[in-house]
Amino acid sequence: MKPLAPISSGARIALGILFFVLFVAGWAYATFGGFVSKTFLADPLTMLEEGWLLLTKHGFLYDIGITIWRVVGGFTLAALVAVPLGILMGAYKPIEAFLEPFVSFARYLPASAFIPLLILWAGIGELQKLLVIFIGSVFQIVLMVAVTVSAVRRDLVEAALTLGARDRGILVRVLIPASAPDIAEILRLVLGWAWTYVIVAELIGSSSGIGHMIIDSQALLATGQIIFGIIVIGVIGLISDFLFKWANRAMFPWSLA
Amino acid sequence: MGEPRDVPVEFGVSKLVIEDVSRVFPPVHGGHPVRALEPTTLTVGDNDFVTILGPSGCGKSTLLRLIAGLDTPTTGKILLDGKPVKGPGPDRGMVFQSYTLFPWLHVADNIAFGLREKGMPVPERERIVAQWLDNIGLRSFARHFPKQLSGGMQQRTAIARALANDPAVLLLDEPFGALDNQTRSLMQELLLGIWERDRKTVIFVTHDIEEAIFLASRVLVMSARPGRIKADLRVDLPHPRHYTIKTSPEFSALKARLTEEIRVEAVLAAEGH
Ligand SMILES: Nc1ncnc2c1ncn2[C@@H]1O[C@H](COP(=O)(O)OP(=O)(O)O)[C@@H](O)[C@H]1O
Ligand SMILES: [Mg+2]
(Lines give C-alpha, C1' and ligand atoms only; values in the text may rest on other atoms or scores of the structure.)
(Ligands and ions follow the chains in the order given, each with its own letter.)
Protein backbone atom coordinates (compact mmCIF):
# COMPACT_ATOMS: atom_id res chain seq x y z
CA MET A 1 0.00 0.00 0.00
CA LYS A 2 1.20 3.47 -0.96
CA PRO A 3 -0.01 6.52 0.96
CA LEU A 4 -2.93 8.26 -0.84
CA ALA A 5 -2.71 5.96 -3.87
CA PRO A 6 -6.25 5.50 -5.27
CA ILE A 7 -7.93 2.08 -5.61
CA SER A 8 -10.44 0.86 -8.16
CA SER A 9 -14.12 1.26 -7.36
CA GLY A 10 -14.62 -2.52 -7.53
CA ALA A 11 -11.95 -3.05 -4.90
CA ARG A 12 -13.45 -0.32 -2.79
CA ILE A 13 -16.90 -1.92 -2.74
CA ALA A 14 -15.50 -5.40 -2.15
CA LEU A 15 -13.42 -4.20 0.81
CA GLY A 16 -16.40 -2.35 2.26
CA ILE A 17 -18.57 -5.46 2.09
CA LEU A 18 -15.78 -7.62 3.43
CA PHE A 19 -15.81 -5.76 6.72
CA PHE A 20 -19.53 -6.41 7.21
CA VAL A 21 -19.03 -10.08 6.39
CA LEU A 22 -16.18 -10.40 8.88
CA PHE A 23 -18.17 -8.55 11.51
CA VAL A 24 -21.21 -10.81 11.18
CA ALA A 25 -18.95 -13.86 10.99
CA GLY A 26 -17.24 -12.85 14.24
CA TRP A 27 -20.60 -12.29 15.88
CA ALA A 28 -21.92 -15.65 14.64
CA TYR A 29 -18.78 -17.42 15.83
CA ALA A 30 -19.01 -15.87 19.29
CA THR A 31 -22.72 -16.68 19.71
CA PHE A 32 -23.17 -20.02 17.89
CA GLY A 33 -19.85 -21.23 19.26
CA GLY A 34 -21.26 -20.70 22.76
CA PHE A 35 -18.54 -18.26 23.83
CA VAL A 36 -21.15 -15.68 24.92
CA SER A 37 -24.28 -16.42 26.84
CA LYS A 38 -27.53 -16.08 24.86
CA THR A 39 -28.89 -13.89 27.63
CA PHE A 40 -26.36 -11.19 26.88
CA LEU A 41 -26.03 -11.40 23.14
CA ALA A 42 -28.44 -12.98 20.68
CA ASP A 43 -27.04 -14.75 17.63
CA PRO A 44 -27.66 -13.29 14.14
CA LEU A 45 -30.46 -15.73 13.30
CA THR A 46 -32.37 -15.04 16.53
CA MET A 47 -31.94 -11.35 15.87
CA LEU A 48 -33.53 -11.69 12.42
CA GLU A 49 -36.30 -13.88 13.79
CA GLU A 50 -37.13 -11.46 16.60
CA GLY A 51 -36.92 -8.56 14.21
CA TRP A 52 -39.39 -10.23 11.89
CA LEU A 53 -41.78 -10.79 14.81
CA LEU A 54 -41.40 -7.16 15.84
CA LEU A 55 -42.33 -5.98 12.39
CA THR A 56 -45.22 -8.38 11.79
CA LYS A 57 -46.72 -8.92 15.25
CA HIS A 58 -45.75 -5.97 17.45
CA GLY A 59 -46.33 -3.01 15.16
CA PHE A 60 -42.66 -2.00 15.05
CA LEU A 61 -43.25 -0.23 11.74
CA TYR A 62 -45.38 2.26 13.65
CA ASP A 63 -42.51 2.86 16.09
CA ILE A 64 -40.13 3.40 13.20
CA GLY A 65 -42.55 5.90 11.66
CA ILE A 66 -42.91 7.80 14.94
CA THR A 67 -39.16 8.03 15.40
CA ILE A 68 -38.60 9.25 11.84
CA TRP A 69 -41.34 11.82 12.32
CA ARG A 70 -39.69 13.12 15.51
CA VAL A 71 -36.26 13.42 13.94
CA VAL A 72 -37.54 15.09 10.81
CA GLY A 73 -39.85 17.39 12.79
CA GLY A 74 -37.31 18.52 15.39
CA PHE A 75 -34.58 18.82 12.81
CA THR A 76 -36.73 20.84 10.40
CA LEU A 77 -37.69 23.26 13.19
CA ALA A 78 -34.03 23.63 14.12
CA ALA A 79 -33.02 24.22 10.50
CA LEU A 80 -35.78 26.80 9.97
CA VAL A 81 -34.51 28.81 12.92
CA ALA A 82 -30.80 28.16 12.63
CA VAL A 83 -30.08 28.60 8.92
CA PRO A 84 -31.42 32.18 8.65
CA LEU A 85 -29.78 33.08 11.96
CA GLY A 86 -26.47 31.57 10.87
CA ILE A 87 -26.60 33.43 7.57
CA LEU A 88 -27.24 36.73 9.36
CA MET A 89 -24.43 36.04 11.82
CA GLY A 90 -22.02 35.21 9.01
CA ALA A 91 -22.99 38.26 6.98
CA TYR A 92 -23.26 40.92 9.67
CA LYS A 93 -20.45 41.22 12.16
CA PRO A 94 -22.45 43.07 14.87
CA ILE A 95 -24.99 40.23 14.91
CA GLU A 96 -22.13 37.78 15.10
CA ALA A 97 -20.53 39.68 17.99
CA PHE A 98 -23.90 39.68 19.78
CA LEU A 99 -24.79 36.00 19.39
CA GLU A 100 -21.58 34.10 18.81
CA PRO A 101 -20.40 33.85 22.44
CA PHE A 102 -23.76 32.56 23.64
CA VAL A 103 -24.21 30.11 20.80
CA SER A 104 -20.66 28.78 21.26
CA PHE A 105 -21.45 28.16 24.90
CA ALA A 106 -24.89 26.68 24.21
CA ARG A 107 -23.61 24.17 21.68
CA TYR A 108 -21.68 22.39 24.43
CA LEU A 109 -24.78 21.95 26.56
CA PRO A 110 -25.61 18.26 26.13
CA ALA A 111 -29.11 17.91 24.72
CA SER A 112 -29.70 14.74 26.71
CA ALA A 113 -29.11 16.58 29.99
CA PHE A 114 -32.08 18.78 29.17
CA ILE A 115 -34.44 15.84 29.02
CA PRO A 116 -35.49 15.94 32.71
CA LEU A 117 -36.05 19.68 32.48
CA LEU A 118 -37.97 19.35 29.24
CA ILE A 119 -40.16 16.68 30.78
CA LEU A 120 -41.01 19.12 33.57
CA TRP A 121 -41.77 21.86 31.08
CA ALA A 122 -43.36 20.02 28.22
CA GLY A 123 -44.43 16.71 29.69
CA ILE A 124 -43.59 13.45 27.94
CA GLY A 125 -45.51 14.19 24.77
CA GLU A 126 -44.24 14.82 21.27
CA LEU A 127 -43.26 18.42 22.02
CA GLN A 128 -40.64 17.25 24.49
CA LYS A 129 -39.11 14.85 21.93
CA LEU A 130 -39.02 17.54 19.28
CA LEU A 131 -37.41 19.98 21.72
CA VAL A 132 -34.60 17.57 22.55
CA ILE A 133 -33.71 17.26 18.90
CA PHE A 134 -34.20 20.97 18.38
CA ILE A 135 -31.82 21.89 21.21
CA GLY A 136 -29.31 19.30 20.06
CA SER A 137 -29.24 20.60 16.50
CA VAL A 138 -29.99 24.30 16.48
CA PHE A 139 -26.78 25.70 17.96
CA GLN A 140 -24.57 23.44 15.90
CA ILE A 141 -26.28 24.53 12.68
CA VAL A 142 -26.16 28.23 13.58
CA LEU A 143 -22.43 28.17 14.23
CA MET A 144 -21.43 26.11 11.24
CA VAL A 145 -23.60 28.11 8.85
CA ALA A 146 -22.19 31.38 10.22
CA VAL A 147 -18.63 30.15 9.64
CA THR A 148 -19.48 29.04 6.10
CA VAL A 149 -21.12 32.33 5.17
CA SER A 150 -18.32 34.45 6.55
CA ALA A 151 -15.82 32.36 4.59
CA VAL A 152 -17.38 33.16 1.20
CA ARG A 153 -14.63 34.21 -1.20
CA ARG A 154 -13.97 37.91 -0.69
CA ASP A 155 -13.16 38.46 -4.35
CA LEU A 156 -16.64 37.28 -5.38
CA VAL A 157 -18.14 39.86 -3.05
CA GLU A 158 -15.84 42.53 -4.46
CA ALA A 159 -16.72 41.55 -8.02
CA ALA A 160 -20.40 41.93 -7.16
CA LEU A 161 -19.74 45.33 -5.59
CA THR A 162 -18.05 46.59 -8.76
CA LEU A 163 -21.09 45.36 -10.70
CA GLY A 164 -23.36 47.57 -8.65
CA ALA A 165 -24.65 45.12 -6.03
CA ARG A 166 -25.80 46.77 -2.79
CA ASP A 167 -26.12 45.25 0.69
CA ARG A 168 -29.20 43.20 -0.07
CA GLY A 169 -27.87 42.04 -3.44
CA ILE A 170 -24.63 40.89 -1.81
CA LEU A 171 -26.55 38.91 0.81
CA VAL A 172 -29.22 37.41 -1.41
CA ARG A 173 -27.37 36.97 -4.68
CA VAL A 174 -23.79 36.31 -3.54
CA LEU A 175 -23.43 35.15 0.07
CA ILE A 176 -26.44 32.82 0.11
CA PRO A 177 -25.95 31.08 -3.25
CA ALA A 178 -22.19 30.83 -2.66
CA SER A 179 -22.65 29.04 0.66
CA ALA A 180 -25.77 27.03 -0.23
CA PRO A 181 -23.98 23.74 -1.04
CA ASP A 182 -21.99 23.92 2.19
CA ILE A 183 -25.12 24.70 4.18
CA ALA A 184 -26.81 21.64 2.67
CA GLU A 185 -23.77 19.60 3.66
CA ILE A 186 -23.97 20.94 7.23
CA LEU A 187 -27.64 19.92 7.41
CA ARG A 188 -26.74 16.43 6.26
CA LEU A 189 -24.11 16.14 8.97
CA VAL A 190 -26.32 17.47 11.77
CA LEU A 191 -29.23 15.27 10.72
CA GLY A 192 -26.94 12.34 11.41
CA TRP A 193 -26.38 13.62 14.95
CA ALA A 194 -30.11 14.22 15.43
CA TRP A 195 -30.60 10.45 15.13
CA THR A 196 -28.59 9.90 18.25
CA TYR A 197 -30.60 12.48 20.22
CA VAL A 198 -33.96 11.00 19.32
CA ILE A 199 -33.09 7.60 20.70
CA VAL A 200 -31.93 9.13 23.97
CA ALA A 201 -35.16 11.11 24.15
CA GLU A 202 -37.17 7.94 23.59
CA LEU A 203 -35.26 5.92 26.17
CA ILE A 204 -36.69 8.17 28.87
CA GLY A 205 -40.41 8.72 29.36
CA SER A 206 -41.72 7.48 26.08
CA SER A 207 -44.41 5.05 25.03
CA SER A 208 -43.52 4.71 21.38
CA GLY A 209 -40.58 4.87 18.99
CA ILE A 210 -37.50 2.79 18.37
CA GLY A 211 -35.87 3.91 21.62
CA HIS A 212 -38.94 2.88 23.60
CA MET A 213 -38.91 -0.56 21.97
CA ILE A 214 -35.25 -0.93 22.92
CA ILE A 215 -35.96 -0.13 26.58
CA ASP A 216 -38.90 -2.57 26.60
CA SER A 217 -36.72 -5.28 25.12
CA GLN A 218 -34.13 -4.72 27.80
CA ALA A 219 -36.71 -5.58 30.46
CA LEU A 220 -37.47 -8.78 28.55
CA LEU A 221 -33.79 -9.55 28.01
CA ALA A 222 -34.61 -9.70 24.29
CA THR A 223 -31.14 -8.79 23.06
CA GLY A 224 -32.07 -9.86 19.54
CA GLN A 225 -34.73 -7.13 19.44
CA ILE A 226 -32.33 -4.54 20.82
CA ILE A 227 -29.76 -5.33 18.19
CA PHE A 228 -32.41 -5.34 15.49
CA GLY A 229 -33.56 -1.88 16.66
CA ILE A 230 -30.01 -0.56 16.58
CA ILE A 231 -29.45 -1.94 13.09
CA VAL A 232 -32.71 -0.38 11.89
CA ILE A 233 -31.52 3.03 13.13
CA GLY A 234 -28.23 2.54 11.31
CA VAL A 235 -29.97 1.60 8.08
CA ILE A 236 -32.39 4.52 8.23
CA GLY A 237 -29.48 6.86 8.93
CA LEU A 238 -27.61 5.47 5.96
CA ILE A 239 -30.63 5.89 3.68
CA SER A 240 -31.33 9.45 4.77
CA ASP A 241 -27.66 10.30 4.33
CA PHE A 242 -27.72 8.86 0.84
CA LEU A 243 -30.89 10.75 -0.08
CA PHE A 244 -29.41 13.98 1.25
CA LYS A 245 -26.19 13.50 -0.72
CA TRP A 246 -28.15 12.71 -3.84
CA ALA A 247 -30.40 15.78 -3.40
CA ASN A 248 -27.40 18.03 -2.81
CA ARG A 249 -25.76 16.79 -5.95
CA ALA A 250 -28.95 17.36 -7.94
CA MET A 251 -29.47 20.85 -6.51
CA PHE A 252 -25.94 22.16 -6.88
CA PRO A 253 -24.48 20.76 -10.08
CA TRP A 254 -22.22 23.81 -10.36
CA SER A 255 -20.28 22.92 -7.22
CA LEU A 256 -19.13 19.55 -8.57
CA ALA A 257 -15.67 19.39 -10.03
CA MET B 1 -20.70 48.20 -29.22
CA GLY B 2 -21.94 49.63 -32.50
CA GLU B 3 -20.08 50.40 -35.71
CA PRO B 4 -16.42 51.41 -35.66
CA ARG B 5 -16.18 55.14 -35.30
CA ASP B 6 -14.45 57.03 -38.05
CA VAL B 7 -14.38 60.33 -36.16
CA PRO B 8 -10.97 60.97 -34.64
CA VAL B 9 -10.96 60.21 -30.95
CA GLU B 10 -10.46 63.17 -28.70
CA PHE B 11 -8.06 62.68 -25.89
CA GLY B 12 -7.49 65.19 -23.20
CA VAL B 13 -10.99 65.45 -21.74
CA SER B 14 -10.26 64.12 -18.29
CA LYS B 15 -12.43 61.33 -17.17
CA LEU B 16 -10.61 60.33 -14.07
CA VAL B 17 -8.55 62.57 -11.81
CA ILE B 18 -6.31 61.13 -9.13
CA GLU B 19 -4.91 63.75 -6.78
CA ASP B 20 -2.12 63.03 -4.31
CA VAL B 21 -3.54 59.61 -3.64
CA SER B 22 -1.47 57.40 -1.37
CA ARG B 23 -2.08 54.25 0.61
CA VAL B 24 -0.30 53.14 3.75
CA PHE B 25 -1.45 49.84 5.22
CA PRO B 26 -1.46 49.86 9.03
CA PRO B 27 1.07 47.58 10.74
CA VAL B 28 0.00 44.07 11.66
CA HIS B 29 1.22 42.41 14.87
CA GLY B 30 3.66 45.14 15.79
CA GLY B 31 5.33 45.19 12.36
CA HIS B 32 5.91 48.27 10.23
CA PRO B 33 3.22 50.06 8.28
CA VAL B 34 3.40 49.20 4.56
CA ARG B 35 3.67 52.15 2.19
CA ALA B 36 2.01 50.53 -0.81
CA LEU B 37 1.50 53.66 -2.87
CA GLU B 38 3.36 56.97 -2.70
CA PRO B 39 1.26 60.12 -3.23
CA THR B 40 0.28 59.84 -6.87
CA THR B 41 -1.27 62.40 -9.17
CA LEU B 42 -2.65 61.30 -12.48
CA THR B 43 -5.26 62.30 -15.00
CA VAL B 44 -6.81 59.82 -17.37
CA GLY B 45 -8.46 61.17 -20.50
CA ASP B 46 -11.83 60.06 -21.77
CA ASN B 47 -11.57 57.11 -24.17
CA ASP B 48 -7.95 56.53 -23.22
CA PHE B 49 -6.50 53.04 -22.91
CA VAL B 50 -3.92 53.35 -20.15
CA THR B 51 -1.71 50.46 -19.20
CA ILE B 52 0.16 50.49 -15.92
CA LEU B 53 3.41 48.59 -15.95
CA GLY B 54 5.50 47.75 -12.92
CA PRO B 55 7.28 45.02 -11.00
CA SER B 56 5.16 42.92 -8.69
CA GLY B 57 4.49 44.42 -5.29
CA CYS B 58 4.82 48.01 -6.51
CA GLY B 59 1.24 48.96 -5.73
CA LYS B 60 -0.52 48.45 -9.06
CA SER B 61 -3.40 46.50 -7.58
CA THR B 62 -3.61 48.94 -4.70
CA LEU B 63 -4.04 51.85 -7.11
CA LEU B 64 -6.69 49.99 -9.09
CA ARG B 65 -8.59 48.98 -5.96
CA LEU B 66 -8.57 52.59 -4.78
CA ILE B 67 -10.07 53.69 -8.10
CA ALA B 68 -12.63 50.89 -7.88
CA GLY B 69 -13.55 52.08 -4.40
CA LEU B 70 -12.76 48.69 -2.87
CA ASP B 71 -10.17 50.41 -0.68
CA THR B 72 -9.88 53.96 0.71
CA PRO B 73 -6.85 56.16 0.12
CA THR B 74 -4.81 57.27 3.13
CA THR B 75 -4.43 60.70 1.55
CA GLY B 76 -5.74 62.42 -1.54
CA LYS B 77 -8.89 62.05 -3.56
CA ILE B 78 -10.17 60.43 -6.71
CA LEU B 79 -12.69 62.09 -9.03
CA LEU B 80 -14.62 60.35 -11.76
CA ASP B 81 -16.39 62.75 -14.12
CA GLY B 82 -15.81 65.40 -11.48
CA LYS B 83 -17.50 63.42 -8.69
CA PRO B 84 -15.51 62.02 -5.78
CA VAL B 85 -15.23 58.24 -5.56
CA LYS B 86 -16.74 57.10 -2.24
CA GLY B 87 -17.05 53.35 -2.63
CA PRO B 88 -17.47 50.67 -5.23
CA GLY B 89 -20.12 51.20 -7.88
CA PRO B 90 -21.26 50.07 -11.31
CA ASP B 91 -19.63 53.07 -13.02
CA ARG B 92 -16.25 51.40 -12.48
CA GLY B 93 -16.22 47.86 -13.82
CA MET B 94 -13.38 45.61 -12.74
CA VAL B 95 -11.81 42.43 -14.03
CA PHE B 96 -9.62 40.63 -11.52
CA GLN B 97 -6.61 38.42 -12.04
CA SER B 98 -8.23 35.61 -10.06
CA TYR B 99 -11.24 34.00 -11.69
CA THR B 100 -14.21 35.74 -10.10
CA LEU B 101 -17.15 34.52 -12.15
CA PHE B 102 -19.99 33.47 -9.87
CA PRO B 103 -19.67 29.68 -9.94
CA TRP B 104 -23.41 29.10 -9.39
CA LEU B 105 -24.44 31.13 -12.44
CA HIS B 106 -24.28 30.15 -16.11
CA VAL B 107 -22.13 32.24 -18.40
CA ALA B 108 -25.23 34.16 -19.57
CA ASP B 109 -26.39 34.86 -16.03
CA ASN B 110 -22.90 35.95 -15.03
CA ILE B 111 -22.92 38.50 -17.84
CA ALA B 112 -26.41 39.60 -16.77
CA PHE B 113 -25.48 40.04 -13.10
CA GLY B 114 -24.91 43.79 -13.08
CA LEU B 115 -27.93 44.43 -15.32
CA ARG B 116 -30.07 42.49 -12.89
CA GLU B 117 -28.76 44.48 -9.94
CA LYS B 118 -29.75 47.62 -11.84
CA GLY B 119 -33.27 46.25 -12.16
CA MET B 120 -33.18 46.19 -15.96
CA PRO B 121 -36.21 44.39 -17.45
CA VAL B 122 -35.58 40.85 -18.67
CA PRO B 123 -36.04 41.34 -22.44
CA GLU B 124 -33.53 44.18 -22.58
CA ARG B 125 -31.16 42.26 -20.35
CA GLU B 126 -31.34 39.24 -22.63
CA ARG B 127 -30.68 41.33 -25.68
CA ILE B 128 -27.51 42.82 -24.18
CA VAL B 129 -26.32 39.42 -22.92
CA ALA B 130 -26.83 37.87 -26.35
CA GLN B 131 -24.81 40.64 -27.92
CA TRP B 132 -21.95 40.16 -25.47
CA LEU B 133 -21.99 36.40 -25.92
CA ASP B 134 -21.41 37.08 -29.60
CA ASN B 135 -18.74 39.69 -28.94
CA ILE B 136 -16.69 37.21 -26.94
CA GLY B 137 -17.52 34.21 -29.13
CA LEU B 138 -19.16 32.19 -26.36
CA ARG B 139 -22.71 31.98 -27.67
CA SER B 140 -22.66 28.17 -27.58
CA PHE B 141 -21.40 28.25 -23.98
CA ALA B 142 -24.22 30.42 -22.63
CA ARG B 143 -25.56 27.60 -20.44
CA HIS B 144 -22.18 26.40 -19.18
CA PHE B 145 -21.03 26.87 -15.61
CA PRO B 146 -17.69 28.64 -15.01
CA LYS B 147 -16.11 25.36 -13.88
CA GLN B 148 -16.71 23.95 -17.35
CA LEU B 149 -14.75 26.75 -19.03
CA SER B 150 -11.05 27.24 -19.73
CA GLY B 151 -9.24 30.12 -18.05
CA GLY B 152 -9.34 32.20 -21.22
CA MET B 153 -13.09 31.68 -21.60
CA GLN B 154 -13.62 32.64 -17.97
CA GLN B 155 -11.71 35.90 -18.37
CA ARG B 156 -13.55 36.69 -21.59
CA THR B 157 -16.80 36.23 -19.72
CA ALA B 158 -15.52 38.41 -16.88
CA ILE B 159 -14.72 41.18 -19.38
CA ALA B 160 -18.18 40.86 -20.93
CA ARG B 161 -19.76 40.87 -17.46
CA ALA B 162 -18.01 44.14 -16.61
CA LEU B 163 -18.71 45.79 -19.97
CA ALA B 164 -22.36 44.71 -20.25
CA ASN B 165 -22.91 47.07 -17.32
CA ASP B 166 -21.61 49.91 -19.50
CA PRO B 167 -19.24 51.39 -16.88
CA ALA B 168 -17.60 54.79 -17.33
CA VAL B 169 -14.20 53.20 -16.71
CA LEU B 170 -13.07 49.61 -17.09
CA LEU B 171 -10.35 48.50 -14.67
CA LEU B 172 -8.38 45.34 -15.36
CA ASP B 173 -5.86 43.90 -12.90
CA GLU B 174 -3.52 41.56 -14.78
CA PRO B 175 -6.54 39.79 -16.27
CA PHE B 176 -4.45 37.55 -18.53
CA GLY B 177 -1.66 36.91 -16.03
CA ALA B 178 -2.59 33.26 -15.48
CA LEU B 179 -3.08 32.36 -19.15
CA ASP B 180 -0.66 30.64 -21.51
CA ASN B 181 1.04 32.76 -24.17
CA GLN B 182 -1.16 31.83 -27.13
CA THR B 183 -4.39 32.38 -25.27
CA ARG B 184 -2.98 35.54 -23.83
CA SER B 185 -2.28 37.12 -27.19
CA LEU B 186 -5.69 36.10 -28.54
CA MET B 187 -7.28 37.73 -25.51
CA GLN B 188 -5.27 40.91 -26.09
CA GLU B 189 -6.58 41.12 -29.65
CA LEU B 190 -10.13 40.48 -28.50
CA LEU B 191 -9.96 43.19 -25.82
CA LEU B 192 -8.34 45.64 -28.21
CA GLY B 193 -11.00 44.87 -30.82
CA ILE B 194 -13.71 45.67 -28.30
CA TRP B 195 -11.96 48.88 -27.32
CA GLU B 196 -11.49 49.95 -30.94
CA ARG B 197 -15.26 49.77 -31.40
CA ASP B 198 -16.36 51.15 -28.02
CA ARG B 199 -13.53 53.44 -27.00
CA LYS B 200 -14.24 52.95 -23.33
CA THR B 201 -11.86 54.48 -20.85
CA VAL B 202 -9.68 51.57 -19.76
CA ILE B 203 -7.00 51.18 -17.11
CA PHE B 204 -5.13 47.93 -17.54
CA VAL B 205 -2.52 46.71 -15.08
CA THR B 206 0.15 44.30 -16.27
CA HIS B 207 3.76 43.35 -15.75
CA ASP B 208 4.16 42.25 -19.37
CA ILE B 209 5.87 44.93 -21.47
CA GLU B 210 4.61 43.75 -24.87
CA GLU B 211 1.08 43.54 -23.57
CA ALA B 212 1.36 47.04 -22.15
CA ILE B 213 2.49 48.53 -25.47
CA PHE B 214 0.23 46.51 -27.75
CA LEU B 215 -2.95 47.54 -25.94
CA ALA B 216 -2.16 51.05 -24.82
CA SER B 217 -2.64 54.52 -26.04
CA ARG B 218 -0.60 55.48 -22.98
CA VAL B 219 1.77 53.49 -20.80
CA LEU B 220 2.57 54.41 -17.19
CA VAL B 221 5.57 52.83 -15.52
CA MET B 222 5.55 52.45 -11.76
CA SER B 223 8.63 52.33 -9.60
CA ALA B 224 9.41 49.55 -7.17
CA ARG B 225 7.89 49.75 -3.70
CA PRO B 226 6.79 52.18 -2.45
CA GLY B 227 5.12 52.66 -5.79
CA ARG B 228 4.91 55.88 -7.72
CA ILE B 229 4.59 56.73 -11.38
CA LYS B 230 8.03 57.27 -12.86
CA ALA B 231 7.36 57.34 -16.60
CA ASP B 232 4.42 58.29 -18.79
CA LEU B 233 4.61 57.43 -22.51
CA ARG B 234 2.14 57.92 -25.34
CA VAL B 235 1.83 55.03 -27.75
CA ASP B 236 0.96 56.35 -31.18
CA LEU B 237 0.80 53.07 -33.05
CA PRO B 238 -2.15 53.19 -35.49
CA HIS B 239 -5.48 51.47 -34.96
CA PRO B 240 -6.81 48.93 -35.72
CA ARG B 241 -3.77 47.09 -34.48
CA HIS B 242 -2.89 43.65 -35.69
CA TYR B 243 -0.62 41.33 -33.72
CA THR B 244 2.04 41.68 -36.45
CA ILE B 245 2.63 45.19 -35.15
CA LYS B 246 4.63 43.57 -32.35
CA THR B 247 7.50 43.08 -34.81
CA SER B 248 7.46 46.65 -36.19
CA PRO B 249 10.44 48.95 -35.54
CA GLU B 250 8.29 51.49 -33.64
CA PHE B 251 7.06 48.76 -31.36
CA SER B 252 10.59 47.49 -30.78
CA ALA B 253 11.84 50.97 -29.96
CA LEU B 254 9.12 51.42 -27.32
CA LYS B 255 9.81 48.00 -25.99
CA ALA B 256 13.52 48.68 -25.66
CA ARG B 257 12.86 51.88 -23.80
CA LEU B 258 10.33 50.36 -21.40
CA THR B 259 12.50 47.31 -20.82
CA GLU B 260 15.23 49.62 -19.60
CA GLU B 261 12.85 51.53 -17.30
CA ILE B 262 11.45 48.33 -15.85
CA ARG B 263 14.84 46.69 -15.44
CA VAL B 264 16.03 49.40 -13.12
CA GLU B 265 12.92 48.95 -10.99
CA ALA B 266 13.09 45.19 -11.03
CA VAL B 267 16.69 45.36 -9.80
CA LEU B 268 15.64 47.74 -7.03
CA ALA B 269 12.70 45.50 -6.13
CA ALA B 270 14.95 42.44 -6.02
CA GLU B 271 17.45 44.23 -3.76
CA GLY B 272 14.67 45.40 -1.50
CA HIS B 273 13.63 41.84 -0.68
N1 LIG C 1 -4.41 44.61 2.51
C2 LIG C 1 -3.09 44.79 2.62
N3 LIG C 1 -2.50 44.89 3.83
C4 LIG C 1 -1.19 45.07 3.96
N5 LIG C 1 -0.34 45.20 2.93
C6 LIG C 1 -0.83 45.12 1.68
C7 LIG C 1 -2.23 44.90 1.46
N8 LIG C 1 -2.43 44.87 0.12
C9 LIG C 1 -1.24 45.04 -0.46
N10 LIG C 1 -0.27 45.20 0.47
C11 LIG C 1 1.14 45.45 0.21
O12 LIG C 1 1.24 46.58 -0.62
C13 LIG C 1 2.24 46.39 -1.60
C14 LIG C 1 1.66 46.61 -2.98
O15 LIG C 1 0.78 45.54 -3.26
P16 LIG C 1 0.00 45.43 -4.63
O17 LIG C 1 -0.72 46.69 -4.88
O18 LIG C 1 -0.81 44.19 -4.56
O19 LIG C 1 1.17 45.24 -5.68
P20 LIG C 1 1.13 44.76 -7.20
O21 LIG C 1 -0.29 44.63 -7.62
O22 LIG C 1 1.86 45.82 -7.96
O23 LIG C 1 1.86 43.47 -7.28
C24 LIG C 1 2.80 45.01 -1.41
O25 LIG C 1 3.99 45.12 -0.69
C26 LIG C 1 1.75 44.32 -0.59
O27 LIG C 1 2.35 43.36 0.25
MG1 LIG D 1 -1.35 42.92 -8.25
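Just so it is clear: chains get the letters A, B, ... in the order the sequence lines come, proteins before strands, and each one is counted from 1.
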Any side-chain donor near an acceptor of the partner, T51(B) and E211(B), under 3.5 Å: no
Derivation of the side chain to side chain contact (heavy atoms under 4.5 Å, CB included) call for I183(A) and I87(A): CA-CA 9 Å; I183(A) 292 176; I87(A) 290 172; 4.2 Å; yes
Ionic contact status for R70(A) with E202(A), cut-off 4.0 Å: yes
Aromatic ring proximity F134(A)/F139(A), centre distance under 6.0 Å: no
Which portion of L105(B) sits near chain A, non-hydrogen atoms under 4.5 angstrom: neither
Top contributor to chain A interface from W104(B), F102(B), F145(B) [non-hydrogen pairs under 4.5 Å]: W104(B)
Salt-bridge criterion met for D173(B) and R65(B) (N-O under 4.0 Å): no
D48(B) CG to I203(B) CD1 distance, which is reported to the nearest 0.5 Å: 9.0 Å
Chain A neighbours within residues 82-98 of chain B, where any heavy atom lies under 4.5 Å away: P88(B), G89(B), P90(B), R92(B), G93(B), M94(B), F96(B), S98(B)
Segment of R153(A) engaging chain B (4.5 angstrom heavy-atom cut-off): side chain
Heavy-atom proximity to chain A below 4.5 Å, by part of R161(B): both
Counterpart residues, side-chain hydrogen bond (donor to acceptor under 3.5 Å, both in side chains), relative to Q154(B) (two or more places apart): none
Ring-face cation contact, W195(B) with R197(B), 6.0 Å cut, 45° max: no
Part of A180(A) lying under 4.5 Å from any heavy atom of chain B: neither
